[in-house]
Amino acid sequence: MRTRPLKVALLGCGVVGSEVARIMTTHADDLAQRIGAPLELAGVAVRRPDRVRAGIDPDLVTTDAAALAAREDVDVAVEVIGGIEPARSLITSAFEHGASVVTANKALLAEDGATLHESAEKHGVDLYYEAAVAAAIPLVRPLRESLAGDEVGRVLGIVNGTTNFILDRMESTGAGYSEALDEATALGYAEADPTADVEGFDAAAKAAILAGIAFHTRVRLDDVHREGLADVTAADIASAKRMGCTVKLLAICERAADGRSVTARVHPAMIPLSHPLASVREAYNAVFVESEAAGQLMFYGPGAGGSPTASAVLGDLVAACRNKLSGGRGPGESAYAQLPVSPMGEVVTRYHISLDVADKPGVLAQVATVFAEHGVSIDTVRQKGKEGPHDGAWLVVVTHRAPDAALSATVEALRGLDTVRGVASIMRVEGE
């Protein structure tokens, strides 16, 4: 074993960063044996230096993250600050000064991953980011290494624990969206500002990363169609149950049937109870991968939290350090395909549409005619009279597979019918 330690700069020391530092200290001997050299913290960049950080030498703490990232003696920088800046500048600086980088920054990778990969390639160093997608769940490495010789056709996943917890509570307790969100916040699953989770931004960033790796093409956050949870109602959950389904917020990345384009999207969807993802409860994550040779694979586990995320960071740190010792490099960006990302309107799937209609003869015929005129075939129809003083009925239509653009045009036409009082909900049906 080499006696000179490999030096690690820790950029950020919040929930994840502090856990990374703890594991580096408590498992120092084991990590040294696995790597072939001991690890040494070169410095820890923080915003509030006066906070007590158990197990971290106060002399290592600095507020000058830029200086730490630019140190010539640092072998690997671990970035767990998050956000776009200063994270991007710090990572780029670390590359320029010869350090490999391990990051958990999904937002930055989804927005500017291509630039980071190019910089790492230019300077002959590594960029690892297993923790950016699903915390402890090994997913990035299997996609870009284990399945490198296969052709992935689809990645379907629950990649946000907060939203999965909310939907699970709505189903299991009958709670409304607001009540379930309040419970998630009280238990620490949701942030004080839950927008990134419940509006799908977090999942969309992860979808961009997954699509890029799976399909060897560059997919940015702006390429991902995104819908959040706010419009999911208890009635949607109940309707899904009647269909033998459950509702999940899914990240879906697909290669077109002809192989010439890809799509990436995040939205709530009904999936059959028979699908493996339907049984993923609480705040857990799971990703279902379909490939030509390997077939169907599922990756499951905790997708957030200090310890799970730190586990993935440490795994990448070990890999980057081994490469430093051997003089090799890990896999870089594999975006040779450069497939175009198709718009959401070209996505083909099934739909569940709930309509508030007048309860009188001929309504169903009018509705069916609108679907037919737009080329959307109806699979099943269920009508139920409303309870209360006002007349009317609920009409629930489940379609066969159709392009999203055709469904959108159908819904607009339905809103123009005098007999349709409102379109209560539209939800896609996936995983069949």
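Source: prediction; values computed, not measured. Only this structure's heavy atoms are used, side chains among them; waters, hydrogens and symmetry mates stay out.
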Within the supplied structure, the quantity of interest is the number of heavy atoms (other residues, nucleotides, ligands) at a distance under 6.0 Å from [X] [atom1]; does it exceed 12?
X: Arg260; atom1: CZ; answer: no
X: Asp30; atom1: CG; answer: yes
X: Arg382; atom1: CZ; answer: yes
X: Asp50; atom1: CG; answer: yes
X: Glu191; atom1: CD; answer: no

Q | Pairs touching residues 404-432 that satisfy ring pair (Phe, Tyr, Trp, His ring centres under 6.0 Å), sequence neighbours left out | A |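 For residues 404-432: none.
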Q: Look at the aromatic rings of Tyr129 and His117 and report parallel, tilted or perpendicular, splitting at 30° and 60°.
A: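 The rings of Tyr129 and His117 stand perpendicular, inter-plane angle above 60°.
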Q | Worked verdict on Arg255 versus Ser261 for side-chain contact (heavy atoms from CB on, under 4.5 Å) | A | CA-CA 6 Å; Arg255 186 193 300 267; Ser261 64; over 6 Å; no
Of all heavy-atom pairs between [X] and [Y], which one has the smallest distance, and what is that distance?
X: Ala110; Y: Ile209; result: N-CG1, 4.3 Å
X: Thr263; Y: Val341; result: CA-CG1, 4.5 Å
X: Leu109; Y: Ala132; result: CD1-CB, 3.7 Å
X: Val363; Y: Ala358; result: CG2-O, 3.2 Å
X: Ala207; Y: Val266; result: CB-CG2, 4.1 Å
X: Cys13; Y: Val46; result: CB-CG1, 3.7 Å

Is the closest side-chain donor-acceptor distance between [X] and [Y] under 3.5 Å?
X: Asp193; Y: Thr195; result: yes
X: Glu85; Y: Ser89; result: yes
X: Tyr177; Y: Asp182; result: no
X: Thr92; Y: Ser119; result: no
X: Thr115; Y: Asp112; result: yes
X: Ser291; Y: Glu151; result: no

**Q.** Ring centre gap for His400 and Phe371 strictly below 6.0 Å
**A.** no
Q: Examine Tyr336 together with His216 and report whether their ring centres are nearer than 6.0 Å.
A: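 Ring centroids of Tyr336 and His216 are less than 6.0 Å from each other.
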Charged N-O contact under 4.0 Å between [X] and [Y]:
X: Arg218; Y: Glu333; answer: yes
X: Glu179; Y: Arg169; answer: no
X: Glu121; Y: Arg329; answer: yes
X: Glu171; Y: Lys248; answer: no
X: Glu130; Y: Arg144; answer: no

Whether [X] side chain and [Y] backbone form a donor-acceptor pair below 3.5 Å:
X: Glu290; Y: Arg154; value: no
X: Asp316; Y: Val313; value: no
X: Arg322; Y: Arg34; value: yes
X: Gln338; Y: Pro340; value: no
X: Asp126; Y: Ser100; value: no
X: Thr173; Y: Met170; value: no

Q.
Does any part of the side chain of Val376, heavy atoms only, come nearer than 4.5 Å to the side chain of Ile378, both counted from C-beta?
A.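 Heavy-atom side-chain distance check fails, nothing below 4.5 Å.
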Q) Do Leu156 and His275 come close enough that some side-chain heavy atom pair is under 4.5 Å? A) yes
Q: Check the pair Val367 / Val420 against side-chain contact (heavy atoms from CB on, under 4.5 Å), numbers first and verdict last.
A: CA-CA 8 Å; Val367 169; Val420 175; 4.3 Å; yes
Q: Can you sort out the partners of Arg350 under side chain to side chain donor-acceptor pair (under 3.5 Å), two or more places apart, ordered by chain and number?
A: Asp379, Glu432
Q | Residue list, side chain to side chain donor-acceptor pair (under 3.5 Å) with Arg226, at least two apart or on another chain | A |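 Arg226 satisfies side chain to side chain donor-acceptor pair (under 3.5 Å) with no other residue.
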Q: Going by the side-chain contact (heavy atoms from CB on, under 4.5 Å) test, name the single residue among Leu249, Ile158, Asp197, Leu277 that passes it with Asn164.
A: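 Answer to the side-chain contact (heavy atoms from CB on, under 4.5 Å) test with Asn164 among Leu249, Ile158, Asp197, Leu277: Ile158.
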